Amino acid sequence: MDVLVVEGGEVLEGTVRTAGAKNAVLSLLTAAILTEEEVVVENVPALADVRTMLGILKELGGEVRELGEGRVSIRMAEIPEPVADWNLVRKMRASFEVLGPLLARCGRAQVSYPGGCVFGLRPVDIHLKGLRALGATITTDAGYVLAEAPPGGLVGAEIYLGTPFGSSVGATRNVMMAAVCAKGTTVLQNAACEPEIVDLAQCLIKMGARVLGAGSPTIVIEGVERLHGTTHSVIPDRIEAGTYLAAGAITGGRVRVENCRPDHLTSFLDALHHAGCAVERGTDWLETQPREAFGSGLERLRATDVTTQPYPGFPTDLQAQWVTLMSLAEGISVVTERIYTDRYMHLAELTRLGARVRRQGSIAILEGIERFSGASLMASDLRASVSLVLAGLVARGTTEIHRVYHIDRGYERVEARLSSLGANIRRTSAE
Ligand code: UD1
């Protein structure tokens with residue numbers, strides 16, 4: 001298994017380009033299930049999760065062609081068996097989102113329950129509630145969800161999609177894709193407002209769907225008879241962009257992130273501003289400004305509290321990176337995780353680098369220290385892992401991050417991009 005080895009202490013400087021958004025591309029690929037015509041997705045990032053989703057589409061009978069330069073063609077001319085089995089779904093939770101489009105296209109679907117993950121239970125009850133409201137019969141058998149549309153097909157309905165933790169991105173997508181070909185009107189209330197939802201809606205509209213209001217909590221869908229093929233380019237990854245800005249902020253360097261959407265990162269930029277990291281911006285770029293070095297070290301960031309919330313609140317997918325930044329900030333900061341209350345796998349590892357952290361339920365309290373001291377660490381999930389890489393960039397000595405495959409699920413060539421910014425980072429294999 002691969003290990004990332006980071007020698008801390010380099011001030012990062014340079015430019016990176018954001019790849020296509022992982023959390024957008026996965027559902028755009030599943031949208032291809034809705035038509036027998038060709039769908040071409042552009043700006044597809046080279047990620048393990050994308051390969052997993054393409055594997056699922058092939059298993060379902062799809063013809064998948066990689067056209068080069070991040071373009072992928074999918075043609076689901078026929079779907080012999082609308083079944084996504086456990087071996088595929090267990091690798092990646094987002095694969096559960098084939099359920100809605102399969103049900104819409106085939107009138108039935110059998111998809112393995114996704115199971116939990118290291119940071120909690122992650123239920124799918126709201127996905128199922130939404131599909132039931134459209135008239136589907138849902139049963140569970142041997143770990144699978146069996147969904148069946150009524151004889152006349154799915155029927156539009158008014159559906160409240162809230163969860164105890166706010167709106168659900170996955171449920172909004174699954175139900176939206178099931179509803180595009182349902183009879184009549186569907187109104188989704190408390191729908192997720194994330195930019196990835198808007199991207200999917202725009203692709204569906206190009207395919208002939210009638211979707212209004214995506215990006216707001218109320219989405220109205222007028223069902224159409226059928227969808228056709230299209231070409232769609234994936235939006236830039238706001239979480240990847242935020243992570244490289246965090247790399248600039250933590251090292252005190254000038255890191256320019258190009259091909260990004262600053263308007264998708266408002267809450268994160270606000271937190272950086274409060275923490276004392278200046279960020280210049282243009283229409284499609286952001287750049288952290290160098291912080292003055294004083295004495296033997298860098299001017300420290302200021303402790304800044306954040307609370308994760310659905311978009312446009314502070315993203316849970318940037319919480320771990322923020323914890324790393326605040327572990328070195330001047331003062332005491334409070335981080336509250338409102339989406340995945342157990343998403344704190346990184347705390348124990350950061351403590352091994354010297355971080356002073358206390359946790360009470362969904363709240364982490366961080367007393368900033370001057371410097372981390374490098375150690376061997378275990379990556380646990382995608383975003384927690386990258387927060388350890390950020391820590392390694394400024395730790396004294398060497399930091400080794402094991403189980404790097406978690407990072408490869410969501411960051412395209414992370415060590416190449418960080419090296420290009422001047423980081424001393426390399427990938428090796430551990431026995
Ligand atoms: C997506 C993102 C993930 C991000 C998350 C929250 C993808 C592929 N993944 O995950 O990176 O961290 O949004 O922004 O896009 N919930 C229920 N019942 C449900 C569904 C969700 O209670 O049926 C709860 C979840 O446990 C969680 C909250 O709702 O507490 C939000 O989850 P959701 O938005 O559904 O996350 P995902 O779509 O799985």
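Keep in mind it's a predicted model, so treat the numbers as computed, not measured. Counting starts at 1 for both ligands and their atoms, in listed order.
- At under 3.5 Å, not a single nitrogen or oxygen of Thr316, backbone or side chain, sits near a nitrogen or oxygen of ligand 1.
- Close approach of ligand 1 to Val124 is summarised as follows: ligand atoms under 4.0 Å from at least one heavy atom of the residue are 19 (C), 23 (O).
- With rounding to the nearest 0.5 Å, the separation of CG in Leu99 from CG in Leu128 is 7.0 Å.
- If you number the atoms of ligand 1 from 1 as listed, the ones under 4.0 Å from a heavy atom of Ile126 come out as 18 (N), 19 (C), 23 (O).
- Every atom of ligand 1 with a heavy atom of Gly170 under 4.0 Å away is listed here by number and element: 35 (O), 38 (O).
- The side chain to side chain contact (heavy atoms under 4.5 Å, CB included) test with His274 singles out one residue from Leu269, Thr304, Leu301, and that residue is Thr304.
- Ion pairing between Glu38 and Arg65 holds under the 4.0 Å rule for side-chain N and carboxylate O.
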Tabulate below the donor-acceptor pairs under 3.5 Å that side-chain atoms of residues 136-149 make, not counting sequence neighbours, or state none.
{"unit_1": "Thr140", "atom_1": "OG1", "unit_2": "Tyr113", "atom_2": "OH", "d": "3.2"}
{"unit_1": "Tyr144", "atom_1": "OH", "unit_2": "Trp86", "atom_2": "N", "d": "2.9"}

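- Considering backbone and side-chain atoms together, Ala171 places no N or O closer than 3.5 Å to any N or O of ligand 1.
- The shortest N or O to N or O distance between Phe165 and ligand 1 is not below 3.5 Å.
- For the residues Phe96, Tyr311, Tyr340, the heavy atom positioned nearest atom 37 (P) of ligand 1 is part of Tyr340.
- Under 4.0 angstrom from ligand 1, the non-hydrogen atoms of Asp317 all belong to its side chain.
- Sorted by first and then second residue, the side-chain hydrogen bond (donor to acceptor under 3.5 Å, both in side chains) pairs involving residues 172-184 (not counting sequence neighbours) are Glu97-Arg173, His127-Asn174.
- Heavy atoms of Arg383 stay at 4.0 angstrom or farther from ligand 1.
- Between Glu367 and Arg358 there is no salt bridge, since none of the side-chain N atoms of the basic residue sits less than 4.0 Å from a carboxylate O of the acidic one.
- Scanning Val25, Leu128, Ile197, Ile339 for the heavy atom closest to atom 30 (O) of ligand 1 points to Ile339.
- Residue Arg173 has at least one nitrogen or oxygen atom sitting less than 3.5 Å from a nitrogen or oxygen atom of ligand 1, judged on distance alone.
- Close approach of ligand 1 to Arg93 (heavy-atom distance below 4.0 Å) involves ligand atoms 39 (O).
- In terms of polar-atom proximity, defined here as any N/O pair under 3.5 Å, Pro164 makes no such contact with ligand 1.
- When atom types are taken as modelled, the side chain of Arg302 and the backbone of Ala329 share no donor-acceptor pair closer than 3.5 angstrom.
- Salt bridge annotation for Arg427-Asp408: present, with a cationic side-chain nitrogen under 4.0 angstrom from a carboxylate oxygen.
- When atom types are taken as modelled, the side chain of Gln319 and the backbone of Arg343 share a donor-acceptor pair closer than 3.5 angstrom.
- For the ligand labelled ligand 1, residue Glu196 lies outside the 4.0 Å heavy-atom shell.
- Listed by number with element, the atoms of ligand 1 under 4.0 angstrom from any heavy atom of Asn23 are 2 (C), 3 (C), 7 (C), 8 (C), 9 (N), 11 (O), 15 (O).
- With respect to the salt-bridge test (charged N to carboxylate O, under 4.0 angstrom), the residues Glu412 and Arg17 do not qualify.
- With hydrogens and angles ignored, the 3.5 Å screen pairs a side-chain donor or acceptor of Glu337 with a backbone N or O of Ile339.
- Salt-bridge formation is detected for the pair Glu258/Arg256: a Lys NZ or Arg NE/NH1/NH2 atom is positioned less than 4.0 Å from an Asp or Glu carboxylate oxygen.
- For Ala94, no nitrogen or oxygen atom sits less than 3.5 Å from a nitrogen or oxygen atom of ligand 1, counting backbone and side chain alike.
- Taking distance alone, with nitrogen or oxygen atoms compared against 3.5 Å, Glu194 stays at or beyond that limit from ligand 1.
- For ligand 1, the polar-atom distance check finds no N/O of Glu97 at less than 3.5 Å from any of the ligand's N/O atoms.
- Residue contacts with ligand 1: Pro123 is included, with a non-hydrogen atom under 4.0 Å away.
- Distances from ligand 1 to the non-hydrogen atoms of Arg343 include at least one value under 4.0 Å.
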